[in-house]
Amino acid sequence: MGLALYRDNLTAFVKAIANEFMPYVHTKRISLIYNTTDVRGKHLFEANKLRKICLNLLHHALECTPPGGFITVQLTLQYVDADTDLLIIKITNTKTAQSNDKPPFTFDWYYPSVKELIAVLNGYIEVSSNLLEKGTAFTLQLLVVKARKSIKTGLKKKADDRTTKLFNARELNLRINNILTRQRQLRKCYHSQLTQPGKQEQEEEKPNLFLKQVYQFIEQHLDDPCFSVDKLAAGVAVSTRSLSRKLNVIAGISAHTMIKHYRLKKAAEFLKSGHCVEEVAWKVGFETRNYFSTAFKNFYGLSPTEYVKKSRVEYAFIPLVPMDNIPEKPSDLC
């Protein structure tokens, strides 16, 4: 399935889809509520597939909501980088009127086509269902590309690419795919750096500003044993939920794991520079040596003491220049 990109305001686009169900919800005496943050400007997205996904999810919500209930459609956009936003559409409905002889609702069984469409768009959907109490909630996440009005303005901001209003659809598809491919590559790179002990942070031409901000705030509170995900979220001026979503999109890692792995990588640096285990545990925010040693061994496969010994052995076996190759005269050095 190829991509046919469309340029429009996402708020108006999704609201128009929800409005198509108004005659049906009135007939069933159901309330349909559409909520959104102030989403200005236009984005480039696959309108046909997004429309099919929303129609299917709203149709399910309509079928499963009893008279007197309500359906809520909530749309939000979260900043990812200068070119990309994260589109989040959440569709919920009140508890489902369902008899005991019917099987419980499962997303994989009922809507495999929706999952296929979401997979094509490199998106993600989360389903939570408690039919006896709260009904069903679908949370759809997709990356969407910002549509700039001015090529000149975009290029001055060092954007990867821009296109004019009258564009070639095939060319635009290639450009968008290139941007999304780069996003996936960066996500894989960040995930590897944060989850693999031997990986080091790499200098990038365009570092992710949000991730850099997260690193800096963790560094400032590295020795605080009470430092938490809530404090990190407050420090970078987002909610805890937004922090988790952003880090999942950028690096495929949870905020709790990021804090822990960042501390352990810094601990390895301190150990290599000659600090004792007790001092390192305190410097990276662990209250006891035993807790630090256990966490360190789980990550590196070696205890802190074993890690230091291994580092010294590797350093000791760095090949030296043979004596025969040392020049005898200063002039030979030129």
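Positions are given from 1, in the same order as the sequence printed here.
Side-chain atoms of L62 and F21, non-hydrogen and from C-beta on, do get closer than 4.5 Å to each other. Contact of the L44 side chain with the Y6 side chain is not registered, since no non-hydrogen atoms from C-beta on lie closer than 4.5 Å. Inter-residue side-chain proximity for V14 and V73 is flagged as met; some heavy-atom pair is nearer than 4.5 Å. At a threshold of 4.5 Å between non-hydrogen side-chain atoms, the residues I71 and T92 do not count as touching. Using a 4.5 Å heavy-atom threshold, the side chains of F138 and E126 count as separate. Side-chain contact between L243 and L232 is present, with at least one heavy-atom pair separated by less than 4.5 Å. Looking at K297 and L302, their side chains never come closer than 4.5 Å, going by heavy atoms from C-beta outward. Between L77 and T36 there is no side-chain heavy-atom pair separated by less than 4.5 Å.
K260 contributes atom NZ, which lies 11.0 Å from atom CD1 of I253 (distance to the nearest 0.5 angstrom). Residue K283 holds its NZ atom at 11.0 Å from CG of L271, rounded to the nearest 0.5 Å. The distance from atom CG of L32 to atom CG of L58, rounded to the nearest 0.5 Å, is 6.5 Å. Note that CH2 of W282 is 10.0 Å distant from CG of L222, once rounded to the nearest 0.5 Å. Of the inter-residue distances, the one linking I91 atom CD1 with L57 atom CG reads 4.5 Å to the nearest 0.5 angstrom.
A distance-only check finds a donor-acceptor pair linking the side chain of K146 to the backbone of D81 [under 3.5 Å]. Although no hydrogens or angles enter the test, the distance criterion places a donor-acceptor pair under 3.5 Å between the side chain of N9 and the main chain of G41. T294 places a side-chain N or O within donor-acceptor distance of the main-chain N or O of N290, the cut-off being under 3.5 Å. Within the 3.5 Å criterion, the main-chain N or O of V80 finds no donor-acceptor partner in the side chain of T84. Of the possible polar contacts, none joining the N248 side chain to the S244 backbone as a donor-acceptor pair under 3.5 Å is found. Y34 places a side-chain N or O within donor-acceptor distance of the main-chain N or O of T11, the cut-off being under 3.5 Å. Looking at S293, its side chain does come within 3.5 Å of a backbone N or O of R289 through a donor-acceptor pair. For E306 (side chain) and S303 (main-chain N/O), a donor-acceptor pair under 3.5 Å exists by modelled atom type.
In the displayed structure, K52 atom NZ is contacted under 6.0 Å by at most 12 heavy atoms of other residues, nucleotides or ligands. Other residues, nucleotides and ligands contribute more than 12 heavy atoms inside 6.0 Å of the CD atom of E279. Taking a 6.0 Å sphere around OH of Y24, one finds it holds 12 or fewer heavy atoms contributed by other residues, nucleotides or ligands.
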Salt bridge (Lys or Arg N to Asp or Glu O under 4.0 Å), that's the test. Do E46 and K49 meet it? Break it down for me.
CA-CA 6 Å; E46 221 295 355; K49 293 180 176 58; 3.2 Å; yes
Could you walk me through whether L75 and N35 pass the side chain to side chain contact (heavy atoms under 4.5 Å, CB included) test, one step at a time?
CA-CA 6 Å; L75 183 147; N35 293 322; over 6 Å; no
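Between F45 and F13, a ring centre-to-centre spacing shorter than 6.0 Å is recorded.
Sorted by first and then second residue, the pairs that involve residues 227-258 and meet ring pair (Phe, Tyr, Trp, His ring centres under 6.0 Å), not counting sequence neighbours, are F217-F227, H221-F227. Sorted by first then second residue, the salt bridge (charged side-chain N to carboxylate O under 4.0 Å, His left out) pairs that include residues 8-22, not counting sequence neighbours, are E20-R51.
Applying the ring pair (Phe, Tyr, Trp, His ring centres under 6.0 Å) test between F296 and each of F270, F286, Y307 identifies Y307 as the sole match.
With salt bridges taken as basic N to acidic carboxylate O contacts below 4.0 Å, none links K272 and E269.
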